[in-house]
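Predicted model only: the values in this text are computed from it and were never measured. To find a chain, count down the sequence lines: A is the first, B the second, and so on, and within it residues start at 1.
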Amino acid sequence: MVVSRFAPSPTGYLHLGNARTAIFSYLFARHMGGKFILRIEDTDKERSTKEFEEMLLEDLKWLGLEWDELYRQSERFDIYREYAQRLLESGHAYPCFCTVEELEEERKRAEEKGVPYRYSGKCRALSKEEVEELIRSGRPYTIRFRVPDGRVVVFEDLIKGHIAISVDEFGDFVIVRSDGTPTYNFAVVVDDALMGVTHVIRGEDHIPNTPKQILIYEALGFKVPAFAHLPVILGEDRSKLSKRHGAVSVRNYREEGYLPEALFNYLCLLGWSPPEEGREIFSKEELIRIFRLEDVNSSPAVFSKEKLRWMNGVYIREVLSLDRLVDEFMPFLEEAGYKAERDYVKRVLERTRDSFETLREGVERLKPFFVEEVKYSEEALSVLENETSRAVLEAFLQKIQDTDLSAERVKAIAKEIQRELNVKAKDVWHALRASLTGELEGVGVDILCDVLPKERVIKRILRALEL
RNA sequence: GCCCCCAUCGUCUAGCCCGGUCCAGGACACCGCCCUUUCAAGGCGGAGAUCGCGGGUUCAAAUCCCGCUGGGGGUGCCA
């Protein structure tokens, strides 16, 4: 059975790049009818926090990713210790007593000479007696993996193809820190092997780590899994997408009023394109059905907020059911300080969902449906000041006395007024709009009249007339 | 510096494996027109890529080969 995983470290909010990695890994597992594992990589006690972990799980769930198993590396230290011991015993690893300062010195010297830095292997040659003596004396030590000389590690990446990296690129590397915790490269291998991961799908920044990991797999006698390295996501300036590019976490987008389905869908289109040309909107179920790792691009992609916005708009106006849309919209309304019955909101959105692209933007645009009293803009005030407008509003009040305010009826009335007062259509609508919304642009006035309770329409016009 | 990855409209991409149907197709953004009470949305149309550059191979190259350049990533007792 296919097993894939997503292995984030809880050191911040879920980043868009990681989110896409998670999505691809998830899609692959589901497509293959396999298992999807979530593993929290919290071996770095300095930077990992429980709060970030909770946020991570929340964001992942919000995106619609569900996992079959969940692990935390911080709860598996005994396991890593055991496997480190095995490597020590088999001679694949050895204790290293070099201090951080000494290593720093080595590194600096290498840099000065302009040669690539590699650990000198100073502690490699320590005799058994020397090691025992040093340990007894209480000297802190790390455990290093003994890298075989001259080996070229080769693997077939499912996305990048054939990759060969010489171990000359790196020296013996640390697998257990002096505080006894495992490093990333070591914990990852032990976990992936023990959890039965068959496909390691992750960002391409991990390519240089892969040979180190393959070496560990082999030393431990584990089966080496298949690797798939996804290209990174870039910002507008073509550097790796990061905080300085603005909103880069899933949470940012959630708070700005983007829908999980839209973000999911959009992220899929970065670096992957569906076999069916010409279509871009896909449900999660469809994506699971058609997603194939082989179709993933090997070149990095620039994230486009513009296109995400557009796609979010598509989801708002035509993909989501009205009820789902209302569910998503309500919290944004409340947060903006408006109170409204769900049923009323539903009637509003039914008529207006095609006019905004994010929920936040929707709240802003639909304010006239929810505010008690409108605020007039400069332009609106000047429209309301002129005689024609007053005449229009008075006529309108007169005509709506004994009628309902359906959009059709309002349009008919507007025409009547236009004819009777001999003014332009624009004058009629401008006056109505200014009095009812306080602005000169925005939602359709006919729809507003239709949905807004009649007494509130009258109240607003009366108030405008009193100016 | 060294190692690795990448290279089609501004952006995401199709096509590349199996050369001709591609004077390169779609989407976002942009421009124009239509619809219209405004702003959006929608409809229609337009502009936009000598397929990074230079050499080959071939009757024929975006597609195959070589070199170069550019961009990105890595180079930790971070992940």
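For A/R433, counting side-chain heavy atoms from C-beta on, the closest listed nucleotide (B/U38, B/U13, B/G76) is B/U38. In this structure, of B/G73, B/U11, B/U37, it is B/U11 that holds the atom nearest to the side chain of A/R238. The side chain of A/T43 approaches B/A79 more closely than any other nucleotide in the set B/A79, B/G72, B/U38. Each of B/A79, B/G72, B/G76 was ranked by its minimum atom distance to the side chain of A/V232; first place goes to B/G72. If you check B/G74, B/U37, B/A79 against the side chain of A/A425, the one that comes closest is B/U37.
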Audit row: A/R146, A/D172, salt bridge (Lys or Arg N to Asp or Glu O under 4.0 Å) steps and yes/no: CA-CA 5 Å; A/R146 192 187 302 274; A/D172 296 346; 5.9 Å; no

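Two rings, from A/Y184 and A/F173, have their centers 6.0 Å or more apart.
In the displayed structure, A/E294 atom CD is contacted under 6.0 Å by more than 12 heavy atoms of other residues, nucleotides or ligands.
If you run side chain to side chain contact (heavy atoms under 4.5 Å, CB included) between A/L366 and each of A/V451, A/L448, A/T352, only A/T352 comes through. Considering A/D42, A/T43, A/D44, A/T181 as possible partners of A/S74, the one that fulfils the side chain to side chain donor-acceptor pair (under 3.5 Å) test is A/D42. Across A/F264, A/F291, A/W272, a single residue satisfies ring pair (Phe, Tyr, Trp, His ring centres under 6.0 Å) together with A/F24, and that is A/F291.
A/H430 comes within 4.0 angstrom of no nucleic acid atom, judged by non-hydrogen atoms across all strands. Among the protein residues, A/Y266 comes within range of no part of the nucleic acid, since none of its heavy atoms lies under 4.0 Å from any strand. A/V174 comes within 4.0 angstrom of the backbone, heavy atoms only, and of no base. Among the protein residues, A/C98 comes within range of the nucleic acid bases, having at least one heavy atom under 4.0 Å from a base atom. Heavy atoms of A/S9 sit under 4.0 angstrom from primed sugar atoms or phosphate atoms, though from no base atom. Contacts of A/G271 with the nucleic acid, taken as non-hydrogen atoms under 4.0 Å apart, involve only primed sugar atoms and P, OP1 or OP2. Within the nucleic acid shown, A/L432 has no heavy atom closer than 4.0 Å to any nucleic acid atom. Within 4.0 Å (heavy atoms only), A/D446 reaches at least one base atom of the nucleic acid.
For A/R317 and B/G42, the shortest distance from a side-chain N or O to OP1 or OP2 is below 4.0 Å. Residue A/R107 places at least one side-chain N or O closer than 4.0 Å to OP1 or OP2 of B/C77. Residue A/K424 places none of its side-chain N or O atoms closer than 4.0 Å to OP1 or OP2 of B/U37. Side-chain N/O atoms of A/S273 include one lying less than 4.0 angstrom from OP1 or OP2 on B/A14.
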Pairs: protein N or O with nucleotides 25-27 of chain B N or O, under 3.5 Å:
residue	atom	partner	partner atom	Å
B/A27	O2'	A/E280	OE1	2.3
B/A27	O2'	A/K307	NZ	2.9
B/A27	N3	A/K307	NZ	3.2

Show the distances under 3.5 angstrom between N or O atoms of the protein and N or O atoms of nucleotides 49-52 of chain B.
none

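Judged by Watson-Crick or G-U wobble contacts below 3.5 Å, the nucleotide B/U69 has B/A7 as its partner. Base pairing analysis places B/C64 opposite B/G56; the two distances defining the Watson-Crick or G-U wobble pair are each below 3.5 Å. B/C30 is paired with B/G46 under the Watson-Crick or G-U wobble criterion, all donor-acceptor distances under 3.5 Å. When both pairing distances are held under 3.5 Å, B/C2 makes a Watson-Crick or G-U pair with B/G74.
Residues that satisfy the salt bridge (Lys or Arg N to Asp or Glu O under 4.0 Å) test with A/E378, not counting sequence neighbours, are absent from this structure. By the side chain to side chain contact (heavy atoms under 4.5 Å, CB included) test, A/L194 pairs with A/R76, A/I79, A/Y83, A/V190, A/F222, sequence neighbours left out.
Across B/C68 and B/A60, the matching P atoms stand 26 Å from one another, rounded to whole Å. Distance noted for atom C1' between B/C2 and B/C66: 24 Å (whole Å). Distance check on atom C1': B/U8 versus B/C51 gives 4 Å, rounded to whole Å. Taking atom P in both B/C4 and B/A47, the straight-line distance is 44 Å, to the nearest Å. Using C1' as the reference atom, B/G45 and B/U57 are 43 Å apart when rounded to the nearest Å. Straight-line distance between the C1' atoms of B/C33 and B/C17: roughly 44 Å, to the nearest whole Å. Separation of the C1' atoms belonging to B/G52 and B/G10 is 16 Å when rounded to the nearest angstrom. With both ends at atom C1', the span from B/A27 to B/C9 equals 12 Å, rounded to whole Å.
With rounding to the nearest 0.5 angstrom, the CE atom of A/M311 is 4.5 Å from the CG atom of A/N265.
Taking the six-membered ring where the residue is Trp, A/Y141 and A/F97 present tilted rings, their angle falling between 30° and 60°.
A/K367 has a carboxylate O that lies under 4.0 Å from a charged side-chain N of A/E364, or vice versa, which qualifies the two as a salt bridge. For the pair A/E106 and A/R109, the salt-bridge criterion is not met [side-chain N within less than 4.0 Å of a carboxylate O].
A/N209 contributes a side-chain N or O that forms a donor-acceptor pair with the base of B/A79 under 3.5 Å. In the interface, the side chain of A/R365 is paired with the base of B/C39 through a donor and an acceptor atom under 3.5 Å apart.
Cation-pi geometry between A/K212 and A/F170 is met: under 6.0 angstrom from the ring centre, within 45 degrees of the axis. A/R144 forms a cation-pi arrangement with A/Y119, by the criterion of a distance under 6.0 Å to the ring centre and an angle within 45° of the ring axis. For the pair A/R107 and A/Y117, the distance from NZ or CZ to the six-membered ring centre is under 6.0 Å and the angle to the ring normal is within 45 degrees.
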Using a 4.0 Å cut-off on protein heavy atoms (strictly under), produce a 5'-to-3' string for nucleotides 2-8 of chain B with B for base contact, S for backbone-only sugar-phosphate contact, and - for none. SSSSSS-

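Non-hydrogen atoms lying under 4.0 Å from RNA chain B are contributed by A/D354, A/S355, all within residues 350-358 of chain A.
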